[in-house]
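Residue numbers run from 1 in the order of the sequence given. These numbers come from the heavy atoms of this one structure, side chains and all, not from hydrogens, waters or symmetry mates. Ligands are counted one by one from 1 in listed order, and the atoms in each one are counted from 1 as well.
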Amino acid sequence: MKQSLLWTTLLATFCLGLWGLAAWAYRDAVANLAEQGRTDLDLYVAHLQGLLGKYEPLPELLATNPRLIDFIRAPGGRESIEALNRYLETINRISDAGDTYLMDATGLTIAASNWNAERPFVGRNFSFRPYFRDAMEGQLGRYFALGTTSKQRGYYFAYPVREAEEILGAVVVKIDIAATERRWTKPDRSFLVTDPDGVIFISTRPEQRFHTLFPIDAETRARIERSNRYPEAQLEPLDMSLGAQLPAGQVVRLRADRAWPSHQSHLLQTRSMSSAGWQVHALTGTGEALRESLRLTMLAAALIIMSALIAALLFQHQRARRAHTALAERARASLERINSALEERVASRTAELTRTNQRLRDEIDERLRAEQALREAQQALVQSAKLATLGQMSAGINHELNQPLAAIRTYADNGRLLLRKGRAPEVADNLEQILALTDRMAKIGSQFKLFARKTSGELTDLPLAPVIEGAARIAAPLLAKSDGQLKVEVPPNLTVRANDVLLQQVLVNLLGNACQAIAGRPQRWIELSARQLDDSVMTCVEDTGPGIPSADLDRIFEPFFTTKDAGEGLGLGLAISARIATEMGGALTAVPRPTGACFELRLPAAEIHP
Ligand code: ADP
């Protein structure tokens with residue numbers, strides 16, 4: 001609402017401004033036209049005055065010629081008349097006047113320059129003309145009228161022809177006025193001359209001639225008609241209405257006709273020419289002024305509209321720029337906010353991550369410590385399991401060592417006796433036997449030492465057969481105790497990637513369990529075999545014991561699972577053996593069998609070096 005009121009006010013101001021500008025421009029253009037008109041009018045008046053001034057003294061000059069006086073007194077014969085006619089004709093030609101003629105005291109034309117023309121003045125009486133009366137009264141007569149004979153408009157100068165004080169007649173010079181119109185014809189300006197009654201007798205526009213500027217009353221009309229000044233003239237007023245009175249002149253509107261296409265505004269300027277009793281007018285069409293003011297107004301309107309458009313564009317552009325800047329500022333602020341929020345989040349996340357990291361690191365350390373503790377516990381367990389095994393085997397070991405000891409003693413006793421008897425070769429033989437027995441004992445000792453040794457668990461490529469042989473030797477006392485038989489079927493070229501101590505421990509464990517299983521059984525066989533698979537070596541320990549109930553198959557590898565009496569088993573052997581097998585990259589499984597037990601130990605085959 002407020003906006004529309006503003007626009008309406010602006011539009012109204014714009015229109016009013018344009019109207020004011022148009023009015024000002026029109027007045028200015030009219031003033032220019034008036035200025036020009038005034039100049040032209042002055043020139044025209046000067047021209048008319050010059051023209052009249054040129055002929056005014058001519059009749060007086062002619063009147064001084066005695067020939068004219070003589071002629072009026074006694075016109076003489078035909079020759080005399082013709083001679084005067086020719087004289088007047090010559091004068092007329094030289095002075096470039098319209099007609100020059102001589103009248104006697106009655107007003108009769110007795111000689112004329114146009115004596116030879118179609119309608120000569122000679123013989124005609126113009127006594128009714130005021131100029132004649134003025135001349136006969138001894139004055140310079142001057143008059144304007146439409147010629148009754150010639151039908152030509154003319155200005156008459158008449159001067160008395162005197163002899164002494166007597167006025168004999170008058171000499172008249174008539175000036176053709178039409179030439180003054182032809183030369184002053186202009187397209188947008190007309191000049192007109194009115195007599196004291198307002199009758200237009202000179203006009204550069206023929207259609208205006210013998211009209212009146214303003215309506216005349218009947219009395220004046222009758223007087224003019226009586227004077228026969230303008231014979232047959234209608235003396236109709238011009239169809240003209242008055243407009244504004246400007247300092248430069250009167251604005252009038254003239255009826256449309258062919259030459260003046262519509263009711264057009266004109267500027268009427270007037271000068272009076274008192275010597276002739278005339279009013280000289282200039283009528284200037286204001287159409288050009290109107291057109292010029294319209295052109296100027298349109299140009300101004302176009303300029304204003306263009307300026308307004310440019311201003312609107314600039315304003316729009318500036319507003320867009322401001323909006324863009326504000327947008328960019330907002331975007332920057334929001335980016336900053338997002339950035340700082342992000343930074344905060346990153347910082348908090350980083351702190352959180354650092355905390356989590358620390359926690360993880362702590363957890364890892366904890367795990368490592370736990371693993372270390374576990375490994376240590378495991379090793380302790382392995383060791384205690386080994387020691388337990390050794391404990392179990394101690395009776396066997398005892399037997400195993402006592403037997404050679406007793407034999408050594410026997411050989412030594414025998415050797416002493418034989419030495420006394422001097423049977424040296426046999427002594428030597430006994431000593432040989434003793435040496436062999438001590439070797440065997442040392443071997444047994446070293447095997448057990450090896451078994452009891454702690455190991456770092458390092459893996460190496462090693463032949464399988466010697467490890468199996470060592471294990472068998474360690475298990476020998478147990479086997480002996482169970483009164484069992486061990487059958488070993490191992491190809492000599494099999495190699496595995498394993499730790500010898502741990503592998504031997506696993507095998508001793510399995511053999512130990514087998515020995516315990518076959519104890520007291522009618523069949524007491526243990527079979528230890530090995531075979532090469534693709535990239536691994538499978539070692540089987542089978543026995544003719546009672547076997548493992550299927551319900552226990554899953555549980556036997558659990559630590560501390562045992563079916564044995566207290567003091568005979570800890571329930572750790574298989575658990576530790578399975579763990580060792582896994583750590584060496586293999587596996588230990590119990591294979592269900594209808595009779596006896598079967599354990600399969602799979603180990604990676606040794607890498608074959610070329
Ligand atoms: P332990 O021998 O101290 O009991 P193990 O872990 O070596 O501990 O054995 C766990 C159990 O597995 C034994 O108590 C036994 O019941 C069973 N077992 C192991 N080997 C055999 C086997 N060869 N024959 C029958 N049962 C066996």
Which of the atoms in ligand 1, numbered in the order shown and given with their element, are less than 4.0 Å from a heavy-atom of [X]?
{"X": "Ala517", "result": "22 (C), 23 (N), 24 (N)"}
{"X": "Thr563", "result": "13 (C), 14 (O), 15 (C), 16 (O)"}
{"X": "Ala597", "result": "22 (C), 23 (N), 24 (N)"}
{"X": "Thr562", "result": "1 (P), 4 (O), 14 (O)"}
{"X": "Gly573", "result": "6 (O), 7 (O)"}

| task | Consider ligand 1: state whether an atom of it lies below 4.0 angstrom from any non-hydrogen atom of Pro546. | result | no

| query | Between Glu426 and Asn430, is any side-chain donor less than 3.5 angstrom from a side-chain acceptor? | reply | no

| request: Assess whether side-chain contact (heavy atoms from CB on, under 4.5 Å) is satisfied between Leu502 and Val506, documenting all intermediate values. | output: CA-CA 6 Å; Leu502 293 174; Val506 172; 5.6 Å; no

| Is it true that a side-chain atom of Thr284 and a backbone atom of Gly37 form a donor plus acceptor pair closer than 3.5 Å? | no

| said: Give me each pair satisfying side-chain hydrogen bond (donor to acceptor under 3.5 Å, both in side chains) with a member in residues 306-332, each pair once, sequence neighbours excluded. | reply: Glu329-Arg332, Arg332-Glu336

| note | One should read off an interatomic distance between Asp535 CG and Arg602 CZ, to the nearest 0.5 angstrom, of 8.0 Å

| side chain to side chain donor-acceptor pair (under 3.5 Å) between Gln36 and Asn32, worked out | CA-CA 6 Å; Gln36 188 61 44; Asn32 280 344; over 6 Å; no

| task | Answer with side chain, backbone, both or neither: which part of Asn509 has a heavy atom less than 4.0 angstrom from an atom of ligand 1? | result | neither

